[in-house]
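Here is the structure we will look at, set down as structure tokens.
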There are 2 protein chains.
Amino acid sequence: MADSIVDSLKAGGKKLTKPRQAILAILESNALPVTAAEVHARLKKAHAHMDLATVYRNLTMLQELGLVDPVGLREGQMRYEVRHGREHHHHIQCRGCGRIVDLMLCPIKKLTELVEAQTKFAVEGHSLEFFGWCPQCR
Amino acid sequence: MADSIVDSLKAGGKKLTKPRQAILAILESNALPVTAAEVHARLKKAHAHMDLATVYRNLTMLQELGLVDPVGLREGQMRYEVRHGREHHHHIQCRGCGRIVDLMLCPIKKLTELVEAQTKFAVEGHSLEFFGWCPQCR
DNA sequence: GCGGTGTTGCAAGTGATTTGCATTTAACAC
DNA sequence: GTGTTAAATGCAAATCACTTGCAACACCGC
């Protein structure tokens, strides 16, 4: 596991329990954002079964520490992905099969100033997702 | 109610029932995206009480017809707004008070080609939301 | 090894959204 | 108008994602 993650946990007064390590291992092994249920299922497959509530509690906590990013794709459930070692990016999801693909681009940085000028808000984050049809489904 | 809405309903084989008209009236009177529960509450205030399930069924159907757009702000519930007579736009929400403000801008049109080239997907839609702190809360 | 605090498992609880079904109602033809 | 029929509604129950209370447990620093 990445040192930066261990350090952040320690700095946040969090312990490095066995279930937590297993969750982080799953998250780090996944390139794409996963749901709590998916993490839970993959943990079970990896013989690291734990309660679903533990998965949820950890995902929430990791998000608060800024170690994972939430990804909302209007699926009725949240997805999460580790931040460590990954560039800021977005996603596109196929409306046919649900497949998710990373988009290594972000047009937002340039826009923040404009949004702040228009709204007087202090912009702190954004979400951007694309929807469409993948080559197999269209 | 706008003719274009009536026409779309008819074209979709949908009836113009009294509950449905009341829902559309509420939606058209709201500048900002609303939740099903909010629609339900405002209907009650307007002496047009109906079952919450009816509100959900109508919002889903109106979305399928393309008459309303879903807006997901990671609140654990969906919001909806009528499309008729409104320009394509996005939103910013305050992390303090939850206030939502329209953003009459969209950097995505120019990006669609790039996304399609990178992914081979046919892009059909996108969601873009900003989060931050409003003048009162920051 | 001990103590204290953060964690976990389990079971129960929430809150949003959906569904089955019997009853009603708009829409359209006669 | 009246009848016909497909769509829509109300009501109750169900589902699904997620959260919470609490007692037992496991890290971590000393």
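Sequence lines set the chain letters: A, B, ... in the order given, protein chains first and strands last, and positions in each chain run from 1. Values below: all heavy atoms of this structure, side chains included; hydrogens, waters and symmetry mates excluded.
Distance alone, capped at 3.5 Å, places no donor-acceptor pair between the A/Arg95 side chain and the A/Cys134 backbone. Panel note: side chain B/Lys110, backbone B/Pro107; no donor-acceptor pair is recorded below 3.5 Å. One N or O on the side chain of B/Glu116 and one on the backbone of B/Val123 form a donor-acceptor pair closer than 3.5 Å. A/Glu87 contributes no side-chain N or O that, together with a main-chain N or O of A/Met104, makes up a donor-acceptor pair within less than 3.5 Å.
Boundaries of the chain B contact region on DNA chain C are C/dA16 to C/dA27, first to last in 5' to 3' order (nucleotide atom under 4.0 Å from a heavy atom).
Within 6.0 Å of atom CZ in A/Arg83, 12 or fewer heavy atoms from other residues, nucleotides or ligands are found, so the atom counts as exposed in its surroundings.
Both B/Leu128 and B/Leu114 are part of a single hydrophobic cluster, where members link through side-chain heavy atoms under 4.5 Å apart.
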Protein N or O to nucleotides 19-26 of chain D N or O, pairs below 3.5 Å:
unit_1 : atom_1 : unit_2  : atom_2 : d
D/dG21 : O6     : A/Arg57 : NH1    : 3.1

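For the helix from C/dG1-D/dC30 to C/dC30-D/dG1, the angle separating the two terminal helix axes comes to 40°, with each axis derived from five pairs and the value rounded to 10°.
Ring pair A/His126/B/Phe130 is tilted by interplanar angle, where 30° to 60° counts as tilted.
Between D/dC27 and A/Arg20, no contact under 4.0 Å exists linking OP1 or OP2 to a side-chain N or O.
Computed from coordinates, the B/Leu9 CG to D/dA6 P distance equals 20 Å when rounded to whole Å. Between B/Arg74 atom CZ and D/dA17 atom C1' there is a gap of 17 Å when expressed in whole angstrom units. Rounded to whole Å, atom C1' of D/dG29 lies 15 Å from atom CG of A/Leu16. One can place CE of A/Met78 at 15 Å from C1' of D/dC16, the figure rounded to the nearest angstrom. Taking atom CE on B/Met61 and atom P on D/dA6, their separation rounds to 18 Å, with Å as the unit.
Ion pairing between B/Arg86 and B/Asp69 fails under the 4.0 Å rule for side-chain N and carboxylate O. One finds a salt bridge joining B/Glu38 and B/Arg79 here, because a Lys/Arg side-chain nitrogen approaches an Asp/Glu carboxylate oxygen to under 4.0 Å.
Contact detail for A/Gln93 and A/Glu75: the closest heavy-atom pair is NE2-OE2, 3.0 Å.
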- Residue pair A/Arg99, A/Gln136: steps toward the side-chain hydrogen bond (donor to acceptor under 3.5 Å, both in side chains) verdict: CA-CA 10 Å; A/Arg99 188 154 68 97; A/Gln136 282 76 52; 3.3 Å; yes
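Along DNA chain D, the nucleotide nearest A/Glu75 and the nucleotide nearest B/Met50 are compared for position; the residue whose nucleotide lies closer to the 5' end is B/Met50. Between B/Lys14 and B/Gly76, the residue anchored nearer the 5' end of DNA chain C, judged by the nucleotide with its closest heavy atom, is B/Gly76.
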